[in-house]
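Read the structure below first, then the notes.
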Protein chains: 2
Amino acid sequence: MLVYTQSVDRALQKLTACGIRPTAQRVQIAALLLSADQHLSAEQILASLGARGMHVSKATVYNTLNLFAASGLIRQLSIDGERTWFDSNTAAHYHFHDVDGGELIDVPVPDVEFSRLPTIPDGMELAGIDLVIRVRRKQAEAA
Amino acid sequence: MLVYTQSVDRALQKLTACGIRPTAQRVQIAALLLSADQHLSAEQILASLGARGMHVSKATVYNTLNLFAASGLIRQLSIDGERTWFDSNTAAHYHFHDVDGGELIDVPVPDVEFSRLPTIPDGMELAGIDLVIRVRRKQAEAA
DNA sequence: TTCCTTGCAAAACTTTTGCATTAAA
DNA sequence: TTTAATGCAAAAGTTTTGCAAGGAA
């Protein structure tokens with residue numbers, strides 16, 4: 001339980017550092033998300049908490065995830081229109097998306113280089129770059 | 001009405017070319033979408049048809065858009081998790097997304113150059129690259 | 001006829017909201 | 001004690017589905 005205790009402690013610190021009141025539910029959700037670089041849906045988080053015997057209501061899960069995203073503690077991803085994904089890795093990075101399995105894999109920033117980017121429209125400024133590289137299982141070639 | 005007649009004709013041709021039975025509803029939806037490079041939601045298409053006095057049911061609009069997307073006649077975009085956008089431009093291109101107004105603007109392929117891309121995971125192949133450049137209205141600087 | 005498409009309403013899902021209750025500062 | 005967070009159920013929004021009726025081949 002050492003690892004778990006550590007991630008609860010770290011979660012508590014992070015929430016406090018962001019000026020978010022560290023309620024029991026928020027600490028649990030933060031501990032779960034921040035235990036690794038991962039992509040989770042609200043439903044998955046609800047289920048994980050439930051599996052660990054911690055009941056948190058659906059409304060609170062959503063409210064909390066939105067709060068965390070607004071505070072920059074996590075990042076929201078629009079990958080497939082099915083649902084929102086919450087990414088615990090807030091450092092700049094990109095994604096592979098397995099269109100068959102739905103899986104998301106991080107792509108580190110240094111693995112992508114832009115030698116040319118479009119001019120930002122007048123009166124606008126850059127807010128971020130989302131790059132999703134869709135991949136699929138390779139078809140077996142005819143022998 | 002010349003322009004409109006033309007786009008209906010073109011829509012009919014395209015549907016036939018794709019092996020899609022050109023029913024009245026499908027032709028109307030295709031004519032609307034394919035009249036220009038644009039990004040429309042299912043609800044907008046439903047409203048546009050209604051405004052022109054053509055009634056098409058919501059179910060048919062969704063069924064048709066999904067059919068068109070599966071046939072490669074249009075492209076589905078996951079931009080913001082709110083809803084799916086249907087892009088009438090199926091040529092490769094990228095997007096600016098105005099995070100304030102929600103507007104989408106096409107970015108032509110030659111405006112972006114990748115000098116480095118990550119290695120595709122083993123057993124996978126590239127299926128596509130979605131690039132969304134988020135922009136926001138520039139803050140007025142202090143005078 | 002036979003098969004496919006349409007339309008309506010209802011269902012399914014994800015996400016948000018209203019409000020009484022509870023917990024935190 | 002005062003303010004903010006939680007939980008529940010209900011609502012809202014988008015998209016899908018079941019099924020009867022209609023249309024094309």
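By convention in this document, chain letters (A, B, ...) are assigned in the order of the sequence lines, proteins followed by strands, and residues within each chain are numbered from 1. All values below come from the heavy atoms of this structure, side chains included, with hydrogens, waters and symmetry mates left out.
Close to C:dT15, at under 4.0 Å from its OP1 or OP2, lies a side-chain N or O of A:Y62. A close approach under 4.0 Å does not occur between any side-chain nitrogen or oxygen of A:R21 and OP1 or OP2 of D:dA5. Checking the phosphate oxygens (OP1, OP2) of D:dT6, a side-chain nitrogen or oxygen of A:T23 falls inside 4.0 Å. Residue B:T60 has no polar side-chain atom (N or O) positioned under 4.0 Å from OP1 or OP2 of C:dT5. Contact annotation: A:Q25 reaches the phosphate of D:dG7 (side-chain N/O to OP1 or OP2, under 4.0 Å). Between D:dT16 and B:N66, a contact under 4.0 Å exists linking OP1 or OP2 to a side-chain N or O.
With a 4.5 Å cut-off on side-chain heavy atoms, A:F68 and A:L34 do not count as touching.
Near DNA chain D, meaning a heavy atom under 4.0 Å away, the residues from residues 77-88 of chain B are B:E82, B:R83, B:T84.
Across the interface with DNA chain D, nearest-nucleotide mapping of B:P22 and B:A42 shows B:A42 to be the residue nearer the 5′ end.
Rounding to whole angstrom units, CE of residue A:M54 and P of D:dT6 are separated by 15 Å. Nucleotide C:dT16 holds its P atom 8 Å from the CG atom of A:N63, rounded to whole Å. In this entry the distance linking CG of A:L40 with C1' of C:dT14 reads 16 Å, nearest Å. Atom CD of B:Q28 is separated from atom P of C:dG7 by 11 Å (rounded to the nearest Å). Rounded to whole Å, atom C1' of C:dG7 lies 13 Å from atom NZ of B:K58. With rounding to whole Å, A:R26 atom CZ is found 13 Å from C:dA25 atom C1'. The separation between A:L49 atom CG and D:dG7 atom C1' is 14 Å, rounded to whole Å. Following rounding to the nearest Å, A:L46 (CG) and C:dT16 (P) show an atom-to-atom distance of 14 Å.
When the nucleotides C:dA24, D:dC8, D:dT16 are ranked by their closest atom to the side chain of A:H55, D:dC8 comes out on top. Closest contact between the side chain of B:T64 and the listed nucleotides D:dT15, C:dT17, C:dT6 involves C:dT6.
Linking ILVMFWY residues whenever their side-chain heavy atoms come closer than 4.5 Å, directly or via other members, leaves B:I79 and B:V135 in distinct clusters. Following chains of ILVMFWY side-chain contacts shorter than 4.5 Å, one can reach A:V112 starting from B:V107, so the two form part of one hydrophobic cluster. There is no path of hydrophobic side-chain contacts, each under 4.5 Å, that joins A:L77 to B:V132.
Donor-acceptor pairing under 3.5 Å is recorded for the side chains of A:H39 and A:D106. Checking B:H93 against B:D37 by side-chain atom types alone, no donor-acceptor pair falls below 3.5 Å.
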message: If you apply the rule side chain to side chain donor-acceptor pair (under 3.5 Å), what do you find for A:H97 with B:D130, and how did you get there?
response: CA-CA 10 Å; A:H97 176 227; B:D130 285 355; over 6 Å; no

